[in-house]
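A quick write-up on the structure given underneath.
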Amino acid sequence: MPELPEVETTVRGIAPYLVNTCFDFVRIHHAGLRWPIPSEFSALLTGARCVQVERRAKYILIHTTERTVLAHLGMSGSFRLVAPGTPLKTHDHVQIGLGELELRYHDPRRFGCMLWADSERGQTLLSSLGPEPLTDAFDGLVLYRGARSKRIAVKNYIMTNQVVVGVGNIYASESLFLAGIRPTRAANRISLARYQRLSETIKQVLRQSIESGGTTLRDFVNGQGEPGYFQQTLQVYGRQGQACRVCETPIQSQVIGGRNSYYCPQCQR
DNA sequence: ATGACAACCTGTGGGC
DNA sequence: TGCCCACAGGTTGTCA
């Protein structure tokens, strides 16, 4: 489900309702996620006041007066704000009381996680992350320099979190299309100039998607349960066999690194 | 160090 | 309708 724009949309959606609000109760219904939710989670967060909510890569950091929570949405996770008394749904793992509202963490596939940010696991996860794509710390030179010894396909390269965070399967295909680079091209066979272009299209695609409220595939919803609208703007993702929006050549799909990838064989070299 | 790939799960959609 | 299979937005860990 979520790539960086969806996580950002979620953070923006829930932050105004969390910050400066106390957690009246914290209930764990299913601790089983990628790693178990810590057993003392409920006890330590109950009564805490939320201080700040922020995103780092695809992680959501919920800072409170007691501890900081590190959450990830995996492939199918979501946070929803609902009215108290709303019936629980299957796969609602966590319920947090916010007075007039309730925050619920829902994750059918359980690839997500909720951990203490300062735990050993949490620190390991955060410390291995590359630069944020929407900051000046990320540019074409970062991509070019990091690629010198990498023979992997450029699509896999830009999806590597140590290189740059937040470029998932959809936006990898989209940004490579806009940069005119074939996703199978070896990472170390791309010029600095082309990487500069690619870093720009990555920023462009992520920014535009955030502005549109994220991409809706199947069931993505933001904190208010609303879908995103970026899907209407997708150039290649999921469009195999359909005409390229630029040159009308049929879009091709190919599995690269185990993930389906989409490109225009005419526009991308 | 690099890279390929299995693994973790459930839900959904397509084909028959 | 119903069944079975393929596949899905992510990331880690293992092995060659």
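We name chains A, B, ... by the order of the sequence lines, and we start the count at 1 in each one.
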Which atom names give the shortest non-hydrogen contact between A:Cys247 and A:Cys264, and what distance separates them? SG-SG, 3.6 Å
Taking the cut-offs as 6.0 angstrom to the six-membered ring centre and 45 degrees off its axis, would you call A:Arg148 and A:Tyr144 a cation-pi pair? yes
Whole-Å distance separating the CG atom of A:Asp107 from the P atom of C:dG9: 15 Å
In the strands shown, is C:dG9 matched to any nucleotide by a Watson-Crick or G-U wobble pair with both distances under 3.5 Å, and which? none
Should the side chain of A:Arg34 and the base of C:dT11 be counted as holding a donor-acceptor pair, with the cut-off at 3.5 Å? yes
Nearest to the side chain of A:Pro108, heavy atoms from C-beta on, is which of C:dG9, B:dG11, C:dT11? B:dG11
Mind checking A:Arg259 for me? I need base, sugar-phosphate or nothing, with any heavy atom below 4.0 Å counting as a touch. base
Which nucleotide wins on minimum distance to the side chain of A:His72, given the candidates C:dG10, B:dA4, C:dG9? C:dG10
With centres under 5.5 Å and planes under 30° as the test, does A:Phe111 stack with B:dC8? yes
Gap in Å between the two P atoms, one belonging to C:dT11 and one to B:dA1, rounded: 23 Å
Identify whether any heavy atom of A:Gly258 sits under 4.0 Å from a base atom; if not, whether one sits that close to sugar-phosphate; answer base, sugar-phosphate or nothing. nothing
Using atom P in both nucleotides, what's the gap between B:dC5 and C:dC7 to the nearest angstrom? 15 Å
In whole angstrom, what separates A:Leu126's CG from C:dT11's C1'? 14 Å
Who pairs with C:dA16 - Watson-Crick or G-U, where each distance is under 3.5 Å: B:dT2
Establish whether the base of B:dC9 is bridged to the side chain of A:Arg109 by a donor-acceptor pair shorter than 3.5 Å. yes
Of the candidates C:dA8, C:dT12, C:dG9, the side chain of A:Arg121 sits closest to C:dT12
At 4.0 Å (heavy atoms only), tell me whether A:Asn260 reaches a base, stays on the sugar-phosphate, or touches nothing. sugar-phosphate
Describe the nucleic acid contact of A:Tyr157 in one word from base, sugar-phosphate, nothing, applying a heavy-atom distance below 4.0 Å. nothing
Nearest-Å distance once atom P is located in both C:dA6 and B:dA6: 14 Å
